Every structure is written in structure tokens, then in C-alpha cells.
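Remarks on the structure that follows.
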Amino acid sequence: MKFSELWLRSFVDPPLSTAELAHALTMAGLEVESLAPAAPPFSGVVVAEVLKVARHPNADRLSLCTVNVGGPQALSIVCGAPNVVAGMRVPCALVGARLTSTDAQVFEIKRSSLRGVDSQGMLCSAKELGIEDDHSGLLPLAADAPIGRDVREVLELDDTLFTLKLTPNRADCLSLLGVAREVAAITGAALKAPAIAPVAAQSDARFPVKISAAAGCGRFTGRVIRNVNAAAPVPQWMQQRLARAGQRSISALVDVTNYVMLELGRPLHVYDLDKLQGGIDVRFGRKGERLKLLNEQSVDVDETVLCITDASGPIGLAGIMGGDSTKAETDSRNIFLESAFFFPDAIAGRTRRYNFASDAAHRFERGVDFDNNVAGIERATELILAICGGEPGPTVDEVARLPERKRVHLRSARAARILGIKVSDAEIAAIFLRLGFARANAADGFDVTPPSYRFDIAIEEDLIEEIARIYGYERIPANQPRARAAMLPQREAVRPLMRVKEAIAARDYQEVVNFSFVEADWERDFCGNSTPVTLQNPISSQLSVMRSSLAGSLVANVRYNLNRKQRRVRAFELGRVFRADPNVEDGPLTVAGIAQPLKLAGIAYGPAHPEQWGLAERQVDFYDVKGDIESLLLSRAIGFERTNHPALHPGRAAKVLLEGKPIGWLGELHPRWQQKYELPQAPIAFELDLDALLAAPLPAYREVSKFPPVIRDLALVVDETVPAQALLEAMRSARPAVVQDLWLFDLYRGKGVDAGKKSLAFRVVMQDTSKTLTDVEAETAMAQLLQLVVERVGAKLRT
């Protein structure tokens with residue numbers, strides 16, 4: 001919401017400076033996002049009247065102007081503006097005037113000679129004064145602007161533009177009147193609302209209106225005005241206020257409707273009466289109907305879209321935008337003025353569906369005052385008659401169904417408990433009075449009826465928030481909470497979530513947080529999921545489904561960093577995924593039919609190590625990330641098994657096993673997705689069940705032997721298709737008691753090993769806690785290990 005401070009102070013003028021007023025609004029919940037001057041600083045610019053315009057003797061595109069600036073003598077000024085004419089009044093920068101350039105540099109106007117002719121000043125455009133970007137000609141002033149008066153005073157340029165960052169629940173503050181009501185309530189200053197008197201009808205002209213969809217349209221007020229001059233010029237004061245509110249002046253009729261919307265928060269629409277056919281009917285659309293809007297976009301409507309229609313079909317999207325076929329133009333003579341109330345549920349989401357926005361929809365979907373329809377019509381009629389003339393007919397007000405204003409009960413004791421301070425009943429009553437809330441005293445507090453413009457007051461907590469806002473957050477003391485300290489038990493078998501994050505961060509991964517809603521393509525590409533959980537009302541058309549894996553978001557993170565010249569990326573995310581599961585029931589933290597397990601996923605791209613002189617650069621590979629996963633799972637029995645996954649390279653993907661059960665996957669991104677998502681190299685990604693990571697085995701005592709270990713190597717020849725994991729599992733499944741540890745330390749292919757075979761070498765550590773092992777005992781244990789792999793895997797001892 002953007003507006004002029006001077007316009008606001010015409011409604012309410014508290015004894016506060018601009019900065020103090022901005023602070024008061026912000027502290028009351030209406031955040032002032034920015035303050036900006038209406039014009040940059042300049043001085044020495046006055047209103048001048050052009051008395052005579054003659055051609056420059058030495059330049060075809062320059063004019064020699066005789067100008068009256070209110071002094072004893074007229075000035076001679078050379079001007080190059082194409083719109084300069086005798087009799088007009090314009091800004092004139094006198095000799096010695098100081099202006100500010102577009103790059104914020106201050107320069108002084110000096111007496112100069114242009115093509116041999118003396119110039120005693122400069123006639124100014126709007127851009128030269130920093131008011132607008134228009135530099136096509138001089139800035140014309142009102143014909144009655146006082147000659148010689150400072151232009152800053154005439155144009156009210158010593159003004160400040162406020163921009164409010166409103167929360168969606170405060171639709172009542174999308175108008176000057178709404179903001180003024182807040183200022184009056186906050187400061188106690190008197191509110192001077194516009195005096196709106198009924199405009200007497202000068203004819204009996206009416207236009208029939210019917211409300212067929214009372215669920216969408218609760219009230220429709222209209223008025224016929226005949227013989228208007230729609231091409232009449234818009235007064236400068238109105239153009240100025242609209243411009244400072246961010247609205248471009250279009251035409252008299254459109255400007256009036258925009259002005260009333262900004263002033264009263266009442267969206268209006270003007271129809272060309274001669275283009276309407278048969279009468280207006282507010283109803284929901286019908287399948288197959290099509291409408292061309294004022295923005296020249298053609299849209300299809302159906303039974304979910306509320307429409308304004310006549311005998312020809314839809315002529316506007318109710319509460320959103322009018323249709324092109326019935327729009328009022330500068331040659332329109334007879335008009336029909338609309339002021340309606342549409343329920344928020346009938347408007348919300350429709351603009352996103354059609355991929356455009358409008359000021360009217362922004363207000364209606366949040367809630368518009370349903371009690372100022374007639375006031376809006378009367379105010380607009382008053383302005384139209386003053387600018388365009390015309391003969392108004394009677395105001396016709398059709399009421400179908402209005403929102404019910406339910407009483408909200410406030411308990412004074414609960415307010416004190418939530419706020420942490422005691423606010424007296426007398427002060428609470430005064431706050432409600434300043435806010436315009438109707439109230440009745442109750443035994444334990446108040447029964448409050450919200451006004452028609454406050455759609456955000458529905459429960460007791462809403463009233464408590466209002467008390468806090470107007471009482472003043474700064475007046476509420478910041479007391480430290482007091483509670484009895486208690487030691488909470490820490491379960492040894494459950495690892496704290498923060499420890500998991502710290503463990504992966506220690507492996508050089510950075511945490512990222514992504515949206516849970518993603519692109520449907522990501523689900524198909526990275527999960528092979530053609531039926532993901534879809535959103536009924538997505539925030540954008542791309543982010544339309546819920547993710548069933550974190551992989552897509554992490555690939556997007558890599559692309560984002562690569563586009564910003566980051567060669568090395570290592571990121572992890574901890575979050576929920578969403579999958580259809582008919583066994584899930586509704587609960588406090590669950591939705592029926594949707595499983596929401598927590599996952600930990602990571603991705604590594606680029607060099608394996610940060611650049612340094614001590615290590616040769618190499619790219620991160622499968623085994624680097626495999627080591628990261630092993631470090632996360634402490635010393636538990638972890639395994640890796642070859643697998644296929646939609647996101648991963650067919651030959652470089654593994655299933656992660658913990659104590660024989662699958663808990664996730666690991667692998668290199670599929671070349672197809674590497675090409676599609678424009679990645680120079682393939683990243684390595686993984687995803688694990690968080691529950692498996694949080695489970696931690698209890699510490700178990702094991703005697704430390706004081707006798708030396710015996711270390712042997714076992715070299716085995718197996719088929720290429722046999723994974724090393726199979727041999728490890730075979731040996732570990734029934735290993736002799738003296739075998740303390742064994743691991744793979746070498747892989748060999750080549751001379752001495754048959755084609756289609758490979759040699760795997762394992763290191764075996766044997767130790768007894770009660771004695772030193774003999775060679776015979778060690779060889780016996782090695783023979784038992786060899787027998788295990790021969791019987792279970794078909795391995796042979798390499799000779």
C-alpha cells in the first residue's frame with residue numbers, strides 16, 4: 001500500500017513528525033517498508049506564465065520565450081520544449097536556482113547564451129524537477145497557479161511517500177480511510193473521514209440487476225449516469241494523488257474509480273451503458289463460455305468462476321476485472337456504475353489460475369467492507385459530476401446475503417495471562433471504542449462485535465492482539481521467563497538430531513533448506529514417480545507437487561551454485577518427503593493416505609578437496625561419498641549392494657544396507673539427467689532414512705587383549721560379477737572367535753588372473769585375550785575363513 005503523507009493527514013493529523021508516524025504505524029503492526037520524498041530537493045523554481053513565444057533566430061528547434069515570473073520585468077528564456085505555447089503556466093528555474101540531477105548531483109542555473117541569444121533561466125519538465133520520468137515537454141501547471149509562487153508549495157512537493165508492507169489479514173488498511181482509522185486509534189487524533197452526502201437523482205434512469213449466485217455476490221449497488229463527458233481532463237490534484245499512490249492517470253472515469261478505491265477501499269467498475277444488453281446477472285460461469293478482459297486476455301470460465309453477465313454472456317470476472325466488450329471509453333456518453341460485495345472465497349485463487357493480478361482482486365479475496373457500497377457509489381458520483389458532468393439516476397442497492405458479524409467473547413483474565421500484564425477493563429473498553437468495535441460488558445470481560453471492514457477478528461486471540469497493538473508493544477515489559485529447572489533424561493539409544501547434522505557438517509557439507517513442493521518433472525526424473533501427491537492450490541504452476549525424494553532439490557542447489565561460479569559444492573538437507581500410503585490415518589501430525597518420513601540427503605560435486613598445494617586436484621567420486629555415509633553410521637554393520645535407481649547411473653548406484661536392511665541409496669547422477677540439467681560433471685548423491693541414523697547402539701564392554709595380534713592376508717579369485725561385500729558377509733557370518741577384524745585392501749586384474757575374474761585381497765587381524773596365538777591356531781582360523789568363501793561364494797585361493 002503506497003500513499004502520500006499529505007493525503008493521509010487530510011484524514012487524520014496527529015502531532016507527530018514523519019519519522020514518528022512511521023514508527024507508530026510499524027509498532028502497531030502496519031510495517032512501513034519505505035519512506036521516500038515526493039521530489040528531490042531543489043530551490044529557486046517558481047510558477048511562470050509564458051507571455052510570448054518566438055522562433056529562435058539561429059536555431060530551428062529552439063524557441064525564444066518572454067516569461068512573467070512575478071518580478072518587475074519579464075524574462076527572456078530560450079526553450080527547446082515542443083509544447084511551449086503562449087498563455088501556459090510552467091515551472092521556471094531562475095538564475096541561481098539549484099536542481100538535483102538524476103544521478104543525485106546538485107547543479108546551479110546560470111545566465112547563459114544559447115546560439116547567440118541570452119537566456120535568463122530555464123523552463124522545466126517534470127523529469128528536470130525529479131517528479132516524473134516524462135521529459136517530452138514542459139510540465140504544464142494549473143491555469144490559476146499563482147505567478148511567482150514557489151513550485152514546491154504549489155505542487156505540494158514537500159511530501160513523503162509511505163509504502164506499507166501489509167499482512168494478508170489487514171485488507172481494511174488497503175485504503176487511506178483504513179490507514180487513517182488505524183492512526184486515529186494509535187495516536188488518539190481526531191478522524192476526519194470524507195463527508196459523503198447522497199447525490200440527488202436528476203432522472204429515473206435505472207438498469208436491471210439480478211443476483212443469481214448469492215453464495216458469491218452478497219450485494220450489488222449500481223447507478224446510471226447519462227450525458228457524461230468522459231473525455232474531460234482529470235484535475236491536477238487527483239492526478240497527483242494517484243501518481244503518488246503508484247497509479248497512472250488513464251481517463252476521467254477510470255481515475256475516479258481508482259481514486260475511490262484508494263480513498264475508501266471500495267473497488268468500482270464503470271460500464272458503457274449503451275453496450276449492455278438486457279440486464280446484469282451475477283452468476284457462476286458455464287462450461288464453454290469465454291470472455292475477453294480489459295487487459296486484452298481471453299479466458300475460459302466454468303462453474304467455479306463468478307461472472308458478471310448480461311444477455312450476451314459474461315462481461316466481466318466478478319471482483320477481478322471487467323470485460324472488453326462493455327468497457328467505458330472516452331467517447332462513452334451514458335455509463336453504469338457498479339459497487340458490489342463479493343465473498344472472499346468466491347474470488348480467492350482465481351487470479352493465480354488465470355496468471356494475472358488486479359487491484360480489485362487483491363482486495364476482494366482478503367475482504368472488502370460490505371457496508372460502504374452505497375457510500376462508494378455516492379462518492380464516485382460526486383466526483384464524476386464535478387469532472388465530467390452528467391445526469392445521475394437513483395442509486396439501486398440489491399442485497400442478497402451479507403456476512404454475519406458474530407460476537408467474540410473476551411475474558412479479561414485470559415488477556416492478562418497472554419499479554420503478561422494487567423490491562424484494566426476501562427482501558428480495554430477505550431481501546432475497543434477507538435477501534436470502532438461495538439462491545440457489551442460481560443461478567444468476565446466483553447462481548448465484541450467486529451465492524452464490517454474487519455474480516456480478521458474471529459476469535460478471542462484476535463481481540464487480545466488488538467489490545468496489545470493499541471496499548472503499545474513497547475509498553476509491555478520484557479520479563480525473563482521463570483520456570484523450575486528440570487533435568488530431562490537423554491536416551492542413550494537415540495542420537496540427538498543435532499549430532500547427526502554436526503557429523504555430516506564435519507564432512508564439509510553445508511545445510512540447505514528447500515521447499516517441500518517441487519516441479520512434477522523432478523518427480524518423474526529422479527523418482528520415477530508419475531503420480532506424486534499434488535497440491536490443490538500451488539504457489540506457482542511449476543511447484544505443483546509434493547516431493548517424494550530430496551534429490552531434485554539438491555540437484556537444483558548444485559545448478560544454482562554453478563551459475564554463480566562455485567566449482568565445489570557439497571550440500572545436505574534434512575526434511576520430509578511425501579508419498580501416498582493408504583495405511584496412514586489422520587492424526588495430529590499426519591494426513592490420511594500420505595506418509596511423511598524424514599530423510600537425510602546429500603550431494604557432492606566438483607573437486608574432492610578444497611584447492612591447496614599439498615594435494616593434486618581430483619573430482620569427487622562414489623567412494624568419497626561412501627566414506628561419508630560410513631562415518632555417519634558409526635561402527636555399525638553397514639553394507640552396500642548394487643541396485644538400479646531412476647536418478648542414478650545404472651552401473652554406479654548402490655543400495656545402503658544397515659544390519660542387512662535397506663535404509664537408502666547412493667550413486668552417481670544418471671547421464672541423461674546430467675545432460676538435461678546442464679551439469680558439466682555428474683554429482684554424487686545419497687539419501688538415507690533418518691530413523692536409521694538416529695538409532696545408536698548402546699556401548700558394549702569388550703576386553704582389550706594385552707597379547708600381540710597376528711595379521712594375515714587372504715587373496716581370493718572370484719568372478720567379476722561377485723561383489724566384495726558378498727565375501728565379507730560370508731566370512732563375518734561364521735568367523736572364528738579369534739578373528740577380530742577383516743577388511744578389503746586390494747583389487748587386482750591382469751597377469752596371472754584369468755579373464756572374467758578378479759583378485760580380492762583381505763587383511764585379517766587375529767588376537768586372543770588370554771594368550772598369544774600360535775602359528776597353528778592362526779593357520780586353522782585362516783583355513784576356516786577360506787572354507788566359508790569357497791562354500792558360499794565359490795572363491796578360490798590365489799596362488
Side-chain angles (χ1 to χ4, degrees), residues 2 4-6 18-19 34-86 88-142 145-163 236 239-240 243-244 246 248:
K2 186 177 180 180
S4 151
E5 181 183 358
L6 291 178
T18 300
S34 67
L35 296 173
F42 62 81
S43 62
V45 183
V46 299
V47 176
E49 181 182 20
V50 180
L51 301 176
K52 186 170 64 173
V53 178
R55 289 186 60 182
H56 191 290
N58 302 321
D60 292 338
R61 295 189 177 182
L62 297 178
S63 302
L64 184 57
C65 304
T66 303
V67 177
N68 175 17
V69 294
Q73 293 182 342
L75 303 181
S76 177
I77 297 177
V78 177
C79 175
N83 66 332
V84 62
V85 294
M88 71 183 304
R89 299 193 180 186
V90 296
C92 177
L94 304 174
V95 173
R98 298 174 66 84
L99 304 182
T100 304
S101 64
T102 53
D103 59 354
Q105 297 297 315
V106 177
F107 62 95
E108 185 175 328
I109 301 299
K110 298 179 180 179
R111 186 165 185 159
S112 59
S113 177
L114 298 176
R115 292 290 187 94
V117 176
D118 191 36
S119 182
Q120 298 172 304
M122 182 177 77
L123 303 184
C124 301
S125 68
K127 184 171 185 178
E128 287 161 338
L129 297 180
I131 302 172
E132 299 173 10
D133 291 332
D134 183 15
H135 58 89
S136 59
L138 300 178
L139 174 64
L141 301 178
I147 297 172
R149 184 76 61 85
D150 192 324
V151 164
R152 296 195 71 91
E153 181 183 342
V154 172
L155 296 181
E156 296 183 331
L157 297 180
D158 294 320
D159 192 7
T160 302
L161 306 185
F162 279 61
T163 301
Q236 190 175 38
Q239 291 187 48
Q240 177 179 292
R244 293 181 188 178
R248 178 174 56 92

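FYI, the numbering just counts along the sequence from 1. Since this is a predicted model, take the numbers as computed values, not measurements.
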Could you tell me whether the side chain of S119 and the main chain of V78 form a donor-acceptor pair under 3.5 Å? yes
Quick one: list whatever passes side chain to side chain contact (heavy atoms under 4.5 Å, CB included) with A97, sequence neighbours left out. A93, I109
Nearest 0.5 angstrom please: E5 CD to T18 OG1, how far? 3.5 Å
Kindly give the heavy-atom pair with the smallest separation between C65 and V50, and that separation in Å. CB-CG1, 4.4 Å
Provide the full list of side chain to side chain donor-acceptor pair (under 3.5 Å) pairs with a residue in residues 66-81, sequence neighbours left out, each pair given once. none
When rounded to the nearest 0.5 angstrom, what is the spacing between CD in E132 and CG in L139? 7.0 Å
To the nearest 0.5 Å, what is the distance between CG (L64) and CD1 (I77)? 10.0 Å
side-chain hydrogen bond (donor to acceptor under 3.5 Å, both in side chains) with R152: which residues, sequence neighbours excluded? D158
Going by the rule side chain to side chain contact (heavy atoms under 4.5 Å, CB included), which residues pair with L6 if we only count those two or more places apart in sequence or in a different chain? S4, E156, D159
Mind checking side-chain hydrogen bond (donor to acceptor under 3.5 Å, both in side chains) for D150 and listing every partner two or more places apart, or none if nothing turns up? none
Is there a donor-acceptor pair under 3.5 Å between the side chain of H56 and the backbone N or O of L114? yes
So SG of C92 and CD1 of I147: to nearest 0.5 Å the spacing works out to 11.5 Å
So, for P91 and L141, which heavy atoms are closest and what is the spacing to 0.1 Å? N-CD1, 3.8 Å
Partner set under side chain to side chain contact (heavy atoms under 4.5 Å, CB included) for S125, not counting sequence neighbours: K127, E128, H135
For residues V154 and P146, report the shortest heavy-atom separation together with the two atoms involved. CG2-CD, 4.3 Å
Side chain to side chain, L99 and V45, heavy atoms closer than 4.5 Å: yes
side-chain hydrogen bond (donor to acceptor under 3.5 Å, both in side chains) filter on S43, not counting sequence neighbours, yields none
Residues L129 and A39: closest non-hydrogen pair is O-CB, 4.3 Å
Nearest heavy-atom contact between N83 and G137 is OD1-CA, 3.4 Å
Applying side chain to side chain contact (heavy atoms under 4.5 Å, CB included) to P41 and not counting sequence neighbours gives T100
Nearest-0.5 Å distance, CG of residue L161 to NZ of residue K2: 5.5 Å
According to the salt bridge (Lys or Arg N to Asp or Glu O under 4.0 Å) rule, which pairs have a member within residues 108-124, sequence neighbours left out? R98-E108, R111-D118
Listing request: all salt bridge (Lys or Arg N to Asp or Glu O under 4.0 Å) pairs with a residue in residues 48-58, at least two apart in sequence or in separate chains. R55-D60
Stepwise side chain to side chain contact (heavy atoms under 4.5 Å, CB included) check, V90 with V67: CA-CA 10 Å; V90 296; V67 177; 5.9 Å; no
